Amino acid sequence: MVGFMATVPEVSPAVRAALAAGRPVVALESTIISHGLPRPANLAAARSFEEMLTEAGVTPATIGVIDGVPKVGLDGRDLERIALEESVIKVSVRDLGLAMIAKRTAGTTVAATSTLAARAGIRVFATGGLGGVHRGFAESLDESADLTVLAATPITIVSAGVKSILDIPATLERLETHGVAVVGYRTSRFPAFYLTDSGQDLDWQLDSAAEIAAVMAARDAVGDTAALLIANPLPLDKQLDPALHDQVLNEALAAAAGENVRGKAVTPFLLAYMQRATEGKSVEVNLDVARGNVALAAEIATAWAALATKTADA
Ligand code: PSU
Ligand code: MN
């Protein structure tokens with residue numbers, strides 16, 4: 001007990017045991033469940049991400065806030081509540097203490113999830129796509145806290161780049177400013193979430209989970225405490241049709257501007273618009289993106305656990 005509050009987050013027995021034994025653990029976020037995917041497909045998706053990890057011999061740690069308690073390793077009932085309850089809010093790091101005292105149930109963004117995961121000692125995190133710099137930044141100044149938080153959070157995060165609704169070149173510049181390393185997995189091009197290739201070149205490419213684990217160890221050795229972003233593209237045959245994507249995105253951006261959508265509502269609004277306008281195709285692609293990232297994160301966590309064990313034995 002620190003001060004007059006219990007230490008947070010609350011870590012589930014399964015996650016605690018896995019971490020203590022040096023077995024692989026992968027963190028999963030919950031805003032994608034509460035605000036990124038439509039009900040009830042979101043609940044099925046949340047369960048399927050956990051099943052994929054379990055089948056790969058990795059302990060899943062879905063992270064969220066339940067009745068004011070930040071939790072690492074949600075149980076089945078918690079997942080249902082995050083997925084289905086109307087009153088669930090979206091929280092970033094700045095909201096955590098407020099949600100605790102208000103006893104809210106909340107999906108955690110990449111920023112909040114990585115903060116809680118790192119506090120629990122988890123090294124690998126899978127998501128769909130990061131937040132970043134929004135188009136029209138010059139007027140809105142809308143830049144996700146995901147970027148500033150990752151600057152100071154030692155975690156390896158697997159994502160299909162950043163959401164294509166964003167200004168991707170500007171987001172890459174900001175990742176550089178914030179000292180977040182960006183690596184293409186088996187590619188030298190930055191992916192764009194729904195699309196395989198954003199057209200942006202990357203300086204670094206890695207081709208196996210073992211290499212990524214080795215880089216994690218080297219970063220620890222050099223004292224780098226920022227995040228490592230592993231950009232994992234969808235295969236070309238699974239991406240959203242680029243022409244459809246561009247058309248629907250332009251409509252979505254115009255609708256957001258027309259309805260004066262602001263703050264943390266922007267990302268959920270755009271994703272929901274894309275879903276309606278593509279008749280659910282964007283959701284299928286979003287799920288493929290997330291599954292691909294969960295699968296790669298499982299391999300990285302396994303390679304990391306093997307490396308850590310080998311080092312401890314030596
Ligand atoms: N990727 C998805 N769906 C999502 C998000 C990412 O496939 O819903 C969420 C993540 O939780 C990310 C958040 O951290 O959107 C970014 O929100 P904002 O732009 O308000 O920071
Ligand atoms: Mn924002």
Side-chain angles (χ1 to χ4, degrees), residues 27-39 41-42 45-46 49 62-65 82-83 88-96 106-117 125-137 139-151 153 155 157-168 170-171 174-175 178 180 191-195 227 229 231-234 239-240 252-253 256-257 260-275 278 281-294 297:
L28 299 168
E29 62 143 316
S30 49
T31 291
I32 183 174
I33 305 168
S34 61
H35 290 75
L37 295 166
R39 302 187 188 108
N42 60 346
F49 302 153
T62 306
I63 296 180
V65 181
I82 295 263
V88 173
I89 55 173
K90 166 183 169 184
V91 293
S92 192
V93 178
R94 68 175 189 161
D95 308 304
L96 283 172
T108 46
T109 62
V110 166
T113 305
S114 24
T115 298
L116 294 169
F125 170 21
T127 182
L130 295 190
V133 180
H134 283 256
R135 299 176 191 215
F137 175 82
E139 288 86 53
S140 68
L141 296 185
D142 187 357
E143 174 180 8
S144 177
D146 288 355
L147 300 186
T148 45
V149 170
L150 289 178
T153 307
I155 198 151
I157 174 164
V158 184
S159 88
V162 296
K163 282 179 293 266
S164 52
I165 58 176
L166 301 171
D167 182 336
I168 294 178
T171 302
R174 295 295 286 164
L175 285 165
H178 288 302
V180 176
F193 193 63
Y194 297 127
L195 304 177
L229 175 59
N232 182 35
L234 268 184
Q239 72 173 350
L240 197 58
L253 292 166
N260 209 12
V261 181
R262 295 231 188 276
K264 67 182 180 182
V266 173
T267 297
F269 177 93
L270 293 173
L271 294 177
Y273 191 102
M274 301 278 291
Q275 177 206 326
T278 63
K281 280 204 199 76
S282 71
V283 174
E284 285 309 309
V285 177
N286 196 339
L287 286 171
D288 282 337
V289 162
R291 287 192 204 104
N293 295 340
V294 170

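Values in this document were obtained by computation on a predicted structure and should not be read as measured data. We count ligands from 1, going down the list as the structure has it; atoms in each ligand are counted the same way.
Proximity of T267 to ligand 1, defined as any heavy-atom pair under 4.0 Å, is confined to the side chain (atoms from C-beta onward). Proximity of L37 to ligand 1, defined as any heavy-atom pair under 4.0 Å, is not found for any part of the residue. Of the heavy atoms in L271, only side-chain atoms (C-beta onward) come closer than 4.0 Å to ligand 1.
Of the candidates T127, V294, I63, V294 is the only one forming a side-chain contact (heavy atoms from CB on, under 4.5 Å) with L28. A side-chain contact (heavy atoms from CB on, under 4.5 Å) with D146 is found for exactly one of T113, T109, V162, V180, namely T109.
The side-chain heavy atoms of F193 and N286, taken from C-beta on, include a pair separated by under 4.5 Å. Two residues are said to be in side-chain contact when any heavy atoms from C-beta on lie closer than 4.5 Å; L130 and S144 fail this criterion. With a 4.5 Å cut-off on side-chain heavy atoms, L270 and K163 do not count as touching.
Residue-ligand proximity, F193 to ligand 1, at heavy-atom distances under 4.0 Å covers atoms 2 (C), 7 (O). Close approach of ligand 1 to N286 (heavy-atom distance below 4.0 Å) involves ligand atoms 7 (O). Every atom of ligand 1 with a heavy atom of G36 under 4.0 Å away is listed here by number and element: 8 (O). Atom numbering of ligand 1 starts at 1 in the shown order; those under 4.0 Å from a heavy atom of K163 are 1 (N), 5 (C), 6 (C), 9 (C), 12 (C), 13 (C), 15 (O), 16 (C). Each of the atoms 19 (O) of ligand 1 lies under 4.0 Å from some heavy atom of H134.
Here E143 does not reach the Mn ion (ligand 2): none of its N/O/S atoms is less than 2.8 Å from the metal.
Where the criterion is an N or O separation shorter than 3.5 Å, residue side chain and backbone included, V110 meets it with respect to ligand 1. Checking only distances, S144 does come within under 3.5 Å of ligand 1, N or O to N or O. Remark: ligand 1 and T109 share no N or O pair separated by less than 3.5 Å (distance only, no angle test).
Comparing heavy-atom distances from atom 16 (C) of ligand 1 across V289, D146, V285 singles out D146 as nearest. With atom 1 (N) of ligand 1 as the reference point, the heavy atom nearest to it among G129, G128, G107 is part of G129. Distances from atom 20 (O) of ligand 1 to the heavy atoms of E143, H35, K90 show the closest one on K90.
Counting only distance, with no hydrogens or angles, the side chain of T108 and the backbone of V91 share no donor-acceptor pair below 3.5 Å. Panel note: side chain T278, backbone S282; a donor-acceptor pair is recorded below 3.5 Å.
The two residues G292 and N232 make their nearest non-hydrogen contact at O-ND2, 3.2 Å. Residues S30 and G107 share a closest heavy-atom pair of OG-CA, 3.3 Å. Contact detail for S34 and V88: the closest heavy-atom pair is CB-CG1, 3.7 Å. Residues D95 and K90 share a closest heavy-atom pair of OD2-O, 4.1 Å.
At the top of the distance list for atom 11 (O) of ligand 1, counting protein heavy atoms only, stands E29 OE1, 2.7 Å.
Distances from the Mn ion (ligand 2) to each N, O or S atom of D142 single out OD1 as the nearest.
Ligand 1 lies out of reach of T127, whose nearest heavy atom is not under 4.0 Å from it.
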